[in-house]
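Convention: sequence-line order gives letters A, B, ...; per-chain numbering from 1.
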Number of protein chains: 2
Amino acid sequence: MRLSARSEYGLRALAALAGREAAEPVPLRELAHTEGLSEQFLEQIFMELRKAGFVSSTRGAHGGYTLARRPEEILIFDLLETLEGDLAPYECVATDQPECVQVPFCVTRQVWLKLRESMQQAIGTMTLAEIASTRTWETVSR
Amino acid sequence: MRLSARSEYGLRALAALAGREAAEPVPLRELAHTEGLSEQFLEQIFMELRKAGFVSSTRGAHGGYTLARRPEEILIFDLLETLEGDLAPYECVATDQPECVQVPFCVTRQVWLKLRESMQQAIGTMTLAEIASTRTWETVSR
DNA sequence: TGGAATCCTGAGCCAATCACTCATGATTGA
DNA sequence: TCAATCATGAGTGATTGGCTCAGGATTCCA
């Protein structure tokens, strides 16, 4: 029942991006260094984030990543769904999952559903902007 | 971000136990068969449940397991915390975890905290009795 | 009193996943 | 043309999950 480290890293890195005033692209190396991560690992995470439309990239010298949308428009929930694949506590309540046959009789489904709904409600309106207002340069010991 | 299958199995099995009118011990073999599980695997789960005080066991012929408390007194949240070890989306908000040094600056902690609280709130008052009222003999395809 | 039914315990195993690293290529600016 | 950057895919070592296997301990009952 743990989120993966990708979520932590991705969230922190995006918050760091959001904290920049200038709209200049930030090279991955810099972000990775701040977070105490290898550039290559963070690269993988940013690939996903780019494909999902959270950041855009500029290649070449003076390139890097920028937020593709304003921090106020980025929902933590969406971010986590991207990084985790899915924010469901159990397979049978995943978004793309076809309902299993026994739904009307299933004891556990109601629990998983309620859990999922509560999570969605909790962070469904939280934006990157809210979060990024706490300073983030520090790295976290794991 | 998935719960383990132990949770599903444990929950279903306890619900099945709760569904029995008679207070006679139910042998594991019977429960395992109903759930379509190996006896030995369910045994491991019931060990935990017994140690945590959810069920009590009777050895020997005509032995088996019974609920140690009334279904109305068994909280799903407690059950899941037992089966999952901990219901925290991230290490740093686990119950026994000492606060990490950077708390006041940490961007992500607030997210994990909120997630955890919402889950607790969602199922914190749900009891086994509520759940067990849906019939449970059916097995679920995974 | 012995054997069958049950719970109890610990070890082991295989496949999947996680958190990365390695190697190399493609694009762009100066 | 070269250095800085992103892009991509393969590989790897450790951990975890979901079990199985093997055998023991306790209790009931004929």
remark   = Heavy-atom contacts, protein to nucleotides 22-29 of chain D, under 4.0 Å, summarised as B (base), S (sugar-phosphate only) or - (none) per nt, yield B---BBSS
request  = Write down the distance between CZ (A/R12) and C1' (C/dA19), rounded to a whole number of angstrom.
outcome  = 17 Å
note = Test side chain to side chain contact (heavy atoms under 4.5 Å, CB included), reference A/L79, set A/I123, A/I74, A/T127, output is A/I74
query = Considering only side-chain heavy atoms of B/R50, which listed nucleotide, C/dT6, D/dT5, C/dC8, is closest?
reply = C/dC8
key: A/Y9 side-chain N/O to C/dC18 phosphate OP1/OP2 under 4.0 Å   = no
request  = Take atom CE of B/M1 and atom C1' of C/dA16, then tell me their distance rounded to the nearest Å.
outcome  = 20 Å
ask   = Contact class for B/L28 (heavy atom, under 4.0 Å): base, sugar-phosphate, or nothing?
value = sugar-phosphate
inquiry  = On the side chain of A/E39, is there an atom forming a donor-acceptor pair with the base of C/dT21 - under 3.5 Å, no angle test?
reply    = no
query = For B/T125, which residues count as a side chain to side chain contact (heavy atoms under 4.5 Å, CB included) partner, sequence neighbours excluded?
reply = none
request  = Report the distance from atom CE of B/M47 to atom C1' of C/dC8, rounded to the nearest whole Å.
outcome  = 5 Å
message = According to side chain to side chain contact (heavy atoms under 4.5 Å, CB included), who are the partners of A/E72, at least two apart in sequence or on a separate chain?
response = A/R70, A/A129
ask   = Taking the side chain of A/S38 as its heavy atoms from C-beta onward, which of C/dT21, D/dT5, D/dC19 lies nearest to it?
value = C/dT21
remark   = Hits for side chain to side chain contact (heavy atoms under 4.5 Å, CB included) against B/A122, two or more places apart or cross-chain, chain-then-number order -> A/K114, A/S118
inquiry  = From CG of A/L42 over to P of C/dT21, roughly how many Å is that when rounded to an integer?
reply    = 11 Å
query = What pairs with A/E48 under side-chain hydrogen bond (donor to acceptor under 3.5 Å, both in side chains), at least two apart in sequence or on another chain?
reply = A/R6
note = A/I45 atom CD1 is separated from D/dT8 atom P, nearest whole Å, by 16 Å
ask   = Given the rule in the salt bridge (Lys or Arg N to Asp or Glu O under 4.0 Å) test, do A/E91 and A/R109 qualify, once you have shown the distances and angles that lead to the verdict?
value = CA-CA 10 Å; A/E91 232 177 350; A/R109 184 184 163 87; over 6 Å; no
query = Does a nitrogen or oxygen in the side chain of B/S57 sit under 4.0 Å from OP1 or OP2 of C/dT6?
reply = no
query = Could you give the CD-to-C1' distance, from A/Q44 to C/dA23, as a whole number of Å?
reply = 13 Å
query = Listed by chain and number, what are the ring-ring contact (aromatic ring centres under 6.0 Å, His included) partners of A/F77, not counting sequence neighbours?
reply = none
query = Between atom CD in A/E91 and atom P in C/dA16, what is the gap in whole Å?
reply = 14 Å
ask   = Among the nucleotides D/dT5, C/dA19, C/dC7, which one has an atom lying closest to any side-chain atom of A/S4?
value = C/dA19
note = The side chain to side chain contact (heavy atoms under 4.5 Å, CB included) partners of A/D78 (sequence neighbours excluded) come to A/F54, A/L75
query = Contact class for B/F46 (heavy atom, under 4.0 Å): base, sugar-phosphate, or nothing?
reply = nothing
ask   = Between A/L42 and A/A13, what is the shortest heavy-atom contact and its length?
value = CD1-CB, 4.4 Å
inquiry  = Distance check needed: D/dG18 P versus B/R6 CZ, whole Å only.
reply    = 8 Å
query = Which residues satisfy the side-chain hydrogen bond (donor to acceptor under 3.5 Å, both in side chains) test with A/E84, sequence neighbours excluded?
reply = A/S4, A/S7
task = With a 4.0 Å heavy-atom cut-off, tell me which residues in residues 78-88 of chain A come close to DNA chain C, sorted by residue number.
result = none
